[in-house]
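What follows is a short report on a single structure.
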Amino acid sequence: MNWIEIGTINDIPRRGARCVNTPHGKIAVFRTMEDQIFAIDDHCPHKGGPLSQGIVHGAAVTCPLHNWVISLETGKALGADEGSVKTIAIRLDGDRILALLELATVAAE
Amino acid sequence: METAAKKQKLVVIGNGMAPGRALEHLFEMAPETYDVTIFNAEPRVNYDRIMLSPVLSGEKEFEEIIIHGDGWYIKHGITLYKGHKIIGIDRQAKTVTSDAGTIESYDKLLIATGSVPFVLPVPGNNLPGVLTYRDLDDVNAMLLAAQSRAKAVVIGGGLLGLEAAAGLKSRGMDVTVLHIMPTLMERQLDPAAGYLLEQAVEQRGIRVMTKASTKEILGQNKVEGVLLADGTTLPADLVVMAAGIRPNAMLAKEAGLETNRGIVVNAGMQTSDPDIFAIGECAEVAGQCYGLVAPLYEMARVVSAQLADDADAKFVHSETPTKLKVTGINLFSVGDLGEGDDRQEIVLRDAAAGVYKRLVLKDDRIIGTVLYGETSDGAWFHDLTKKRTDISEMRDTLIFGQSYQGGSPLDPMAAVAALPDDAEICGCNGICKGKITGAISGKGLTSLDDVRVHTKASASCGSCTGLVEQLLVLTLGDSYNPSAVTPMCSCTDLGHDDVRRLIKAKKLKSIPAVMQELEWKTSCGCAKCRPALNYYLVADWPDEYADDYQSRFINERVHANIQKDGTYSVVPRMWGGVTNSKELRAIADVVDKFAIPAVKVTGGQRIDMLGIKKEDLPAVWADLGKAGFVSGQAYAKGLRTVKTCVGTDWCRFGTQDSTGLGIRIEKFMWGSWTPAKVKMAVSGCPRNCAEATCKDVGIICVDSGYEIHFAGAAGLDIKGTEVLGLVKTEDEALEHVVALTQMYREQGRYLERIYKWAKRVGLDEIRRQIMQDEVKRRGYFDRFVFSQTFAQVDPWSERVSGVDKHEFQPMAKIGYQQAAE
Ligand code: SRM
Ligand SMILES: Cc1cc2nc3c(=O)[nH]c(=O)nc-3n(C[C@H](O)[C@H](O)[C@H](O)COP(=O)(O)OP(=O)(O)OC[C@H]3O[C@@H](n4cnc5c(N)ncnc54)[C@H](O)[C@@H]3O)c2cc1C
Ligand code: SF4
Ligand code: FES
């Protein structure tokens with residue numbers, strides 16, 4: 001696992017998200033109203049909806065396909081729905097966003 | 001103890017209302033004790049400062065507001081130095097020195113220097129033409145400026161600012177009030193009363209701008225305008241700063257007396273120097289400074305007793321009611337109006353009469369009162385507060401005032417029951433009580449919706465809903481079960497209608513403002529309320545509201561429809577379903593170029609390209625744009641398609657140019673946001689090949705004109721349309737359809753299709769407003785046209801030119817190579 005710089009906080013609109021393409025698939029990086037940054041897999045536990053396209057509110061996102069609400073902190077579906085998505089650790093260094101990403105085997109060589 | 005034989009010297013600094021009153025008491029209690037000398041920076045005798053506003057407005061002359069004329073000073077042997085400002089106190093020598101060089105020694109010194117107006121620290125604040133509002137000189141300067149009948153800007157929407165504005169207005173000036181807070185007099189009034197006040201002020205022809213933060217006073221050699229932080233410039237020949245006052249404690253501070261916000265005094269009005277007292281607005285007692293005369297008069301009573309050697313006289317804090325001295329505006333506010341878990345409130349609103357009353361209760365006692373419109377019970381409520389009366393016995397009828405408090409407690413319904421039959425309940429629609437109760441019993445109505453449909457009461461702004469429900473209870477007894485409002489979502493207890501009404505009423509112009517003012521329970525809402533609020537704000541303030549992109553669903557954000565695999569579909573507009581070879585060729589080229597997997601003719605007479613990758617969207621749009629296409633908004637809570645049939649152009653039965661009218665409507669109305677999607681159709685004859693009779697709005701052309709239909713549905717529900725009415729010309733058809741749509745835009749709840757809205761407000765009411773009331777119809781039409789000037793921007797070309805670029809590109813691509821580094 002390595003801390004990899006994926007962009008700066010200013011790249012993401014408040015209450016919005018951006019995607020990062022990785023060898024393991026897309027991750028969605030969110031910025032909340034309070035400027036917290038979270039990253040989760042861009043894949044809804046319900047039917048794989050792209051969570052990065054949802055509406056961000058508090059520290060949660062509503063999936064654009066069928067409105068599941070996913071906690072950005074835990075990756076768990078909130079409310080009556082059950083399921084969870086992988087979260088990715090994030091570290092801020094000033095404005096820079098670093099994500100703790102597992103490198104592909106090829107890459108580790 | 002001093003003997004009366006040798007008089008002591010009392011020097012008073014300042015000759016305002018507080019020391020004036022103190023000396024009256026003193027001469028009564030101990031007439032022979034002091035030789036009094038007064039220094040007053042103002043070159044005049046003591047006058048009633050409160051009444052400067054009537055002098056400004058012309059309702060009174062200065063002579064009428066003098067409290068102590070020259071004779072009074074002579075009679076009491078007072079030396080009054082008019083126009084002398086004290087510039088130093090020497091506590092060692094026990095002397096004061098004036099700016100004219102006069103030195104006077106004292107045994108006891110009374111400081112009553114009042115307050116100084118707060119002047120905003122902005123560039124240009126010292127230009128000629130910038131005034132404050134404190135004394136007669138200010139009033140005279142304003143009167144001089146008013147002779148030009150030019151433009152005045154008053155900064156500050158508190159008591160002083162509003163009185164100044166009203167005065168200047170009545171002197172013929174064109175007046176704007178700038179207030180930094182969202183509602184007027186926010187320290188004395190709650191937002192609801194502040195709103196009513198704003199209405200009343202605006203009704204007088206005074207413009208009110210809230211949340212207006214002054215950045216600069218503009219002008220070369222004199223005031224020419226005011227620049228606001230948002231960039232707005234207001235021309236002005238006179239600027240009155242009424243943005244607050246500061247206790248005038250400078251002199252005391254320089255003399256080494258203890259000061260804080262004001263001059264610190266004990267309950268006996270004694271400063272940190274036992275021979276020096278301070279009263280009035282400059283004094284701070286128990287951490288409080290005061291700005292209304294009632295507590296200052298209490299200080300005057302205490303200090304005179306102290307000076308007359310009654311060491312027991314102590315000041316006790318009391319709340320003073322605020323009233324506004326603008327003729328015709330009745331307002332009363334006192335006490336603590338804050339909300340809290342340990343508090344309850346009782347509210348009475350009567351929109352028709354412009355009355356609002358609110359009592360804040362804690363532990364069964366009134367701690368705060370706001371009365372607007374009807375203030376006669378103010379004194380009584382205030383008295384209950386002061387006496388800490390337990391009101392639990394009369395709680396149900398308390399708000400109706402003293403006259404309702406009989407020997408035995410009245411039923412809470414009594415006040416409503418007591419209203420005469422001709423009392424107006426619904427101000428918007430002019431419906432009186434008798435008509436409502438008559439309809440309830442006569443037609444067997446059982447619900448609020450029934451009453452709305454049959455009488456129109458509470459069907460417009462909804463503010464009389466509470467009264468109508470009380471009438472239902474009165475008429476039907478226990479069999480009526482008021483249905484609770486369904487909240488918009490779990491972020492609020494308010495329903496859509498309340499939120500819409502309050503957005504308008506409180507002039508809320510951003511989502512954070514709505515959430516703050518309407519006390520949202522979450523910090524930034526949820527995916528249910530945010531898109532709804534965004535729509536309401538766009539619809540209500542088309543020119544002022546900045547669309548909140550992050551509160552739109554993904555489809556409306558990227559102007560395409562998201563598919564189950566995360567790709568998108570794109571539907572260009574095909575006006576009225578008509579196309580040509582050039583357009584078809586452009587579509588074919590785009591399909592080839594981007595390898596679009598599926599192309600389909602939609603149910604709405606146009607072409608859908610499905611399975612486009614998000615990153616490709618801007619390039620797809622760029623190519624479609626070159627061929628003249630704009631977004632078909634197949635995703636929008638807005639105008640979708642206007643289906644047409646071939647009409648007189650080709651069809652042997654066609655009676656009018658249905659294709660042309662459909663295209664004309666679509667070109668006129670595209671881009672508008674609506675509560676839910678709006679689909680239309682125009683058929684050339686009653687055979688109705690465009691299926692106009694199951695659309696939100698449909699037109700059936702007939703020989704004699706155009707039959708306008710509305711409130712159809714063919715999705716989750718199937719419902720044939722209702723007839724709105726028949727019009728003769730195409731122009732009229734367009735005007736009626738537009739007006740109808742605007743009415744829906746202004747009243748519909750988010751995601752409520754036209755047929756549901758129409759059921760809620762009543763078909764007849766819609767017919768009445770659109771078909772019969774030409775003024776209303778024209779108003780709706782004009783407002784739609786106005787909003788279109790901001791809405792008819794093709795979202796595709798906007799994005800091709802770079803808007804929201806971040807949306808279409810990943811922030812980073814972490815490849816193997818990079819990871820390997
Ligand atoms: C493309 C189209 C089907 C087709 O291939 O023909 C279509 C496709 C969709 N319709 Fe539709 N509707 C289409 C015509 C209709 C019609 C027929 C019409 O417009 O003449 C209806 C019935 C008429 C009506 O609206 O009353 C219709 C009633 C619905 C409904 C039910 C609405 C309702 O209030 O009852 C939905 C669901 C919704 O809006 O919540 C819906 C929702 C949808 C959505 C947007 C579902 C979604 O949220 O993703 C589909 C988007 C597919 C896409 O990506 O393009 N679609 N849909 C038609 C596009 C018309 C156009 O050119 O814009
Ligand atoms: C337009 C207007 C409307 C108002 N309406 C109301 C109302 O409706 N209800 C209400 O309760 N209150 C109202 N007020 C407030 C009320 O007028 C004041 O609270 C009250 O007048 C304060 O009395 P004071 O004696 O403390 O000070 P002031 O009346 O301000 O008197 C202070 C005096 O001290 C003089 N002075 C200051 N420094 C020196 C110095 N160094 N040497 C010599 N003299 C000095 C000043 O020139 C001034 O004349 C209003 C005020 C204004 C301006
Ligand atoms: S009927 Fe409409 S919403 Fe349902 S699958 Fe077809 S296109 Fe989608
Ligand atoms: S895929 Fe996310 S809610 Fe269905």
Side-chain angles (χ1 to χ4, degrees), chain A residues 2 4-24 26-29 31-34 39 42-44 47-69 78-79 97 99 101-109, chain B residues 489-491 510-512 515-516 520-534 547-568 613-615 617 635 751 803-821:
Chain A
N2 275 17
I4 296 178
E5 181 170 349
I6 54 172
T8 73
I9 182 162
N10 303 317
D11 294 332
I12 314 174
R14 286 214 173 100
R15 297 173 302 158
R18 296 287 300 274
C19 295
V20 172
N21 296 350
T22 79
H24 304 285
K26 266 191 190 162
I27 64 172
V29 189
R31 175 176 176 189
T32 68
M33 187 70 169
E34 277 81 36
D42 195 17
H43 192 88
C44 179
K47 289 189 175 177
L51 293 168
S52 58
Q53 318 289 294
I55 288 183
V56 181
H57 43 93
V61 62
T62 295
C63 178
L65 292 197
H66 317 101
N67 296 335
W68 280 31
V69 180
L78 299 173
I97 306 172
L101 294 173
E102 197 176 329
L103 300 179
T105 9
V106 195
E109 278 165 12
Chain B
C489 63
S490 55
C491 302
S510 71
I511 289 180
M515 291 185 176
Q516 181 59 34
W520 241 239
K521 292 185 250 172
T522 52
S523 66
C524 95
C526 70
K528 272 199 190 125
C529 58
R530 284 230 313 268
L533 294 179
N534 193 51
D547 199 302
D548 182 24
Y549 181 79
Q550 298 301 345
S551 294
R552 289 195 175 275
F553 291 115
I554 183 65
N555 287 358
E556 290 188 355
R557 238 158 50 218
V558 300
H559 299 275
N561 294 56
I562 195 166
Q563 305 294 312
K564 61 179 195 172
D565 61 355
T567 64
Y568 287 83
K613 289 198 279 300
K614 192 178 182 189
E615 296 86 284
L617 285 172
Y635 44 79
L751 300 184
V803 172
D804 300 329
K805 214 163 66 201
H806 60 83
E807 186 68 70
F808 304 99
Q809 285 302 321
M811 177 162 69
K813 293 179 187 165
I814 313 284
Y816 292 112
Q817 226 183 346
Q818 184 182 351
E821 276 165 13

Task: Polar side-chain atom of Arg557(B) near backbone of Ile55(A) as donor-acceptor pair, under 3.5 Å - done: no
Task: Minimum heavy-atom distance Thr62(A)-His57(A), with the two atoms named - done: OG1-NE2, 2.6 Å
TODO: Count the heavy-atom pairs under 4.5 Å between each of Gly54(A), Ala99(A), Ala60(A), Ser52(A) and chain B, then report the option with the highest count.
DONE: Gly54(A)
- [ ] Pick one of side chain, backbone, both or neither for Leu65(A), based on which atoms fall under 4.5 Å of a heavy atom in chain B.
- [x] side chain
TODO: Check each atom of Val61(A) against the heavy atoms of chain B and say whether the ones under 4.5 Å are side chain, backbone, both or neither.
DONE: neither
Open item on the list: Would you say that more than 12 heavy atoms from the other residues, nucleotides or ligands in this model lie under 6.0 Å from the NZ of Lys521(B), or not?
Closed with: yes
TODO: Identify which part of Lys528(B) has an atom lying under 4.5 Å from any heavy atom of chain A, answering side chain, backbone, both or neither.
DONE: neither
TODO: Report the residues that fulfil ring-ring contact (aromatic ring centres under 6.0 Å, His included) with Phe808(B), sequence neighbours left out, ordered by chain and then residue number.
DONE: Trp621(B)
Open item on the list: Please classify the contact between Asp804(B) and chain A as side chain, backbone, both or neither, with a heavy-atom cut-off of under 4.5 Å.
Closed with: neither
Task: CD1-NZ distance between Ile6(A) and Lys813(B), expressed to the nearest 0.5 angstrom - done: 15.0 Å
